[in-house]
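Below: the structure, in structure tokens.
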Amino acid sequence: MKVEQAKTLTDNAISKLATALAQGKSEALKTYLAAMAKFHNYSIGNILLIACQSPNASHVAGFNTWKKFGRYVKKGEKGILIIAPVVRGKRDESLEDETESRMLVGFKAAYVFDVSQTEGEPLPEFACVSGDPREYIPILKTHIWQAGIEVEYSTELGAAQGVSVGGKILLRSDLPPAEEFSVLVHEYAHELLHRGVDRATYNKTVRETEAEAVAFVVCEAVGLSTNNAAADYIHLYSG
């Protein structure tokens, strides 16, 4: 590919991505965010409890919350112990509308379940990159290895698809080829752009926007369909 062709391809891809971002969040992303908002936010203590008992947990919720999603805990599954607050209401009769205030009175043991312990209706998901990266995965890996960066596969990344840890890229081992290629480009971009001293202070919004923009351009170049996945990802970080 000539330099002029590469520049034209890059300019067109960036323009396409900018247009998608200007149009706002996709309906798929809005649905996904609405679902994720229904999951509880946990304290650092409960996060540690969950991690100790179920290191691979990605989305956890109580029995009744899963029912609201149309999912049910599988028979025989063991719950993940957390500490839940006990809140009681107290009516303030000194106010005209007798407003009821709620106050924390203690804590109790409770149990949550990871999505892998449930079955039923599928949860909303991000748009995904699709297509066949063909020979470009081994070509990309060769470039990464030649840059002195290791690539390893892991089953212990939780909800993350890939992680850049400085000189090493970890990828989930169960990614479809198109997503594997896209995630690998994204993490390689982090290695190239964000490991230097000059870029270390860039905030997460900038880092994630840059890495995903690079992944978008490269995926477009090899003929993969991004299905608005790049724009949705960038919107998550307000990029």
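Just so it is clear, the model here is predicted, and its values are computed rather than measured.
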By side chain to side chain contact (heavy atoms under 4.5 Å, CB included) - contacts of [X] (at least two apart):
X: E4; result: K2
X: A147; result: I149, Y188
X: P176; result: E179
X: V214; result: V185, A189, L193, V218

With rounding to the nearest 0.5 angstrom, report the [atom1] to [atom2] distance, [X] to [Y].
X: E27; Y: N228; atom1: CD; atom2: CG; result: 10.5 Å
X: Y42; Y: I83; atom1: OH; atom2: CD1; result: 12.5 Å
X: I144; Y: E187; atom1: CD1; atom2: CD; result: 10.0 Å
X: K7; Y: N12; atom1: NZ; atom2: CG; result: 9.5 Å
X: E212; Y: T226; atom1: CD; atom2: OG1; result: 9.0 Å
X: Y72; Y: E121; atom1: OH; atom2: CD; result: 8.5 Å

Side-chain donor-acceptor pairs of residues 133-140 under 3.5 Å, sequence neighbours excluded:
| from | atom 1 | to | atom 2 | distance (Å) |
| --- | --- | --- | --- | --- |
| R134 | NH1 | D132 | O | 3.1 |
| R134 | NH1 | V222 | O | 3.4 |
| R134 | NH2 | V222 | O | 3.4 |

Decide whether [X] and [Y] are clustered together by the hydrophobic rule: side chain heavy atoms of Ile, Leu, Val, Met, Phe, Trp, Tyr closer than 4.5 Å, transitively.
X: L171; Y: V165; result: no
X: L224; Y: L175; result: yes
X: F113; Y: V115; result: yes
X: W145; Y: I169; result: yes
X: I47; Y: I82; result: yes

Exercise for review: For S130 and N227, test the side chains for any donor-to-acceptor distance below 3.5 angstrom and give the result as yes or no.
Suggested key: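 Yes.
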Please collect all salt bridge (charged side-chain N to carboxylate O under 4.0 Å, His left out) contacts where either partner lies in [range], sequence neighbours excluded, each pair once.
range: residues 217-239; result: K16-E220
range: residues 44-63; result: none
range: residues 141-170; result: K141-E180, E152-K168
range: residues 61-72; result: none

Check your understanding: Between H194, R207, R195, which is the residue that forms a side chain to side chain contact (heavy atoms under 4.5 Å, CB included) with S164?
Key ->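 With S164 as partner, side chain to side chain contact (heavy atoms under 4.5 Å, CB included) holds for just one option, R195.
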Check your understanding: Checking side-chain contact (heavy atoms from CB on, under 4.5 Å) for the pair F69/L123: CA distance, chi angles, key distance, verdict?
Key -> CA-CA 8 Å; F69 283 105; L123 290 176; 3.7 Å; yes
Might you point out which heavy atoms bring [X] and [Y] nearest each other, and give the distance in Å?
X: G62; Y: V112; value: N-CG1, 4.0 Å
X: A231; Y: L17; value: N-CD1, 4.0 Å
X: S173; Y: T155; value: OG-CG2, 3.3 Å
X: I50; Y: A57; value: CG2-CB, 4.0 Å
X: I234; Y: A213; value: CD1-N, 4.4 Å
X: L236; Y: L33; value: CD2-CD2, 3.4 Å

Exercise for review: For the pair E208 and H190, evaluate side-chain hydrogen bond (donor to acceptor under 3.5 Å, both in side chains) and give the outcome as yes or no after the intermediate values.
Suggested key: CA-CA 8 Å; E208 295 304 325; H190 278 311; 3.3 Å; yes
Exercise for review: Check whether any side-chain heavy atom of Q5 sits under 4.5 Å from a side-chain heavy atom of L9, and report yes or no.
Suggested key: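 Answer no - side chains too far apart.
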Review point. Members other than L81 in its cluster, when Ile, Leu, Val, Met, Phe, Trp, Tyr link by side-chain heavy atoms under 4.5 Å?
Key: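 Result for L81 is Y111.
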Review point. Judged by atom type as modelled, is there a donor-acceptor pair below 3.5 Å linking the side chain of N203 to the main-chain atoms of V206?
Key: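 It does hold such a pair.
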Review point. Is there a donor-acceptor pair closer than 3.5 Å between any side-chain N or O of Q117 and the backbone N or O of K78?
Key: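 Yes, Q117 side chain to K78 backbone: donor-acceptor pair under 3.5 Å.
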Exercise for review: Tell me, please, which residues at least two apart from S43 pass side chain to side chain donor-acceptor pair (under 3.5 Å).
Suggested key: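 Once residues adjacent in sequence are excluded, S43 has no partner under the side chain to side chain donor-acceptor pair (under 3.5 Å) criterion.
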Practice item. Just grab all the ring-ring contact (aromatic ring centres under 6.0 Å, His included) pairs involving residues 211-239, residues at least two apart or on different chains. Key: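 Applying ring-ring contact (aromatic ring centres under 6.0 Å, His included) to every pair that reaches into residues 211-239, excluding sequence neighbours, yields H186-Y233, Y233-Y237.
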